[in-house]
Protein chains: 2
Amino acid sequence: MPQNESRLAHMLDKLKAQHFRITPQRIEVLRILAGSDGHPSVETIYEEVRRDFPTTSLATVYKTVTLLKELNEVLELGFPEGGNRYDGARPYPHPHLICTTCHRIIDPDLESLEGVTRELASETGFQIISHRLDFFGICPECQEKKN
Amino acid sequence: MPQNESRLAHMLDKLKAQHFRITPQRIEVLRILAGSDGHPSVETIYEEVRRDFPTTSLATVYKTVTLLKELNEVLELGFPEGGNRYDGARPYPHPHLICTTCHRIIDPDLESLEGVTRELASETGFQIISHRLDFFGICPECQEKKN
DNA sequence: TTGTTAAACGAAAATGATTATCATTTTAAA
DNA sequence: TTTAAAATGATAATCATTTTCGTTTAACAA
């Protein structure tokens, strides 16, 4: 996975540039966030880190994720039911497509989104900084299984 | 506010139809949800209800809001920072425009949203059920104040 | 109108995700 | 290697929300 390598390198560079320390636990959290396209939860990251570093604390995972969030190197997806999910591969706002049956989260391409943002800005006078866009539905595989 | 009256009546009818009891506390919560376009929090609703019924419990507000949510008579807006907000005037999914400075939440009209949903469905094969769409930015008033 | 009963209420405890605290360990730089 | 500041790990605290449970009340029938 060459793209993940570069994301990981970019994250490490950013930490070094701002004089944050590079610890084994941090590297592991970064690696998981950069390399996974499954939008993992903190709990998932925690379990994965502990496979290699069994003494790692949950607090450490939270602290690292929070740090990356502040550096804009991870995108946080909050849900009302609790249990945020994180995207370290694409840390900028982008739409998500969530299967309500199997809970998979997919990143679709959406050409037409730019037009929506433009319409909104010109209609309301808002200066649009960011967005959060989730679509909920049933993925093709789960539609199959239902029948 | 004639529109709010009818929303309130609709909510009450729905409760009656399903044999839920009409209590003074419930009526008050419904009234606030139906009549406010400010997307109030549970805490806000609680304080407002207590002006008329000072013994009301916070749990009662939560229970009523949860009930309305299950009946699809209120839309819940969750945020990662915590503190959900509720829309009882328009309980169906619709875009929101949130000012990151004054925390106001506005309901914009967005003609172009339908096209986005269509594009998404045809591109991914998902059956789209619902969505959550938030734009974050700075409202015209707060832009003024900055200068 | 009154009596009955299940539903709703109120107060407080429990929960669950996240954050803060602080003593101990470790990184990074001299 | 030494050292100082930062990070870690364990645990307590926090905060929104949910659950529990004894008491009250709405709804309906007699």
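The figures that follow rest on heavy atoms only: side chains count, while hydrogens, waters and symmetry mates do not.
Regarding A:Lys63, its NZ atom lies at a distance of 11 Å from the P atom of C:dT21, rounded to whole Å. C:dA11 atom P lies 7 Å from atom CZ of B:Arg50, rounded to whole Å. The distance between atom CG of A:Leu15 and atom P of C:dT27, rounded to the nearest whole Å, is 15 Å. Regarding A:Leu67, its CG atom lies at a distance of 17 Å from the P atom of C:dT27, rounded to whole Å. Following rounding to the nearest Å, B:Glu28 (CD) and C:dA8 (P) show an atom-to-atom distance of 18 Å. One interatomic measurement links the two molecules: CD1 of A:Ile27 to P of C:dT26, which rounds to 15 Å at whole-angstrom precision.
Side chain to side chain, A:Thr44 and A:Ser41 meet the donor-acceptor criterion of an N or O pair below 3.5 Å. A donor atom on one side chain and an acceptor atom on the other are found under 3.5 Å apart for B:Glu119 and A:Ser112.
A salt bridge links A:Glu114 to A:Arg118: at least one charged side-chain nitrogen sits closer than 4.0 Å to a carboxylate oxygen. Taking 4.0 Å as the cut-off between side-chain N and carboxylate O, B:Arg31 and B:Glu28 count as a salt-bridged pair.
Checking the phosphate oxygens (OP1, OP2) of C:dT18, a side-chain nitrogen or oxygen of A:Asn84 falls inside 4.0 Å. Side-chain nitrogen and oxygen atoms of A:Arg21 include none within less than 4.0 Å of the OP1 or OP2 phosphate oxygen of C:dT26.
Note on ring orientation: taking the six-membered ring where Trp is involved, the planes of B:His96 and B:His39 are perpendicular (angle over 60°, cut-offs 30° and 60°).
Heavy-atom minimum distance, B:Cys99 versus B:Cys142: SG-SG, 3.9 Å. Looking at every heavy atom in both residues, A:Gly38 comes nearest to A:Arg85 through O-NH2, 3.2 Å.
No engagement by A:Glu43 is indicated, since no non-hydrogen atom pair under 4.0 Å with the nucleic acid exists.
Each of A:Thr23 and B:Pro24 has a nearest nucleotide on DNA chain D; the 5'-most of these lies closest to A:Thr23. Where B:Ile22 and A:Phe53 meet DNA chain D, the nucleotide closest to each residue was compared, and A:Phe53 sits on the side nearer the 5' end.
Applying the side chain to side chain donor-acceptor pair (under 3.5 Å) test to every pair with at least one member in residues 12-22 of chain A, sequence neighbours left out, gives these pairs: A:Lys14-A:Glu73.
Along DNA chain D, the stretch of nucleotides lying under 4.0 Å from any heavy atom of chain B spans, 5' to 3', D:dA16 to D:dA27.
DNA chain C lies under 4.0 Å from at least one heavy atom of each of the following residues of residues 54-62 of chain B: B:Thr55, B:Thr56, B:Ser57, B:Ala59, B:Thr60.
In this structure, the side chain of B:Arg132 does not engage the main chain of B:Leu77 through any donor-acceptor pair within 3.5 Å.
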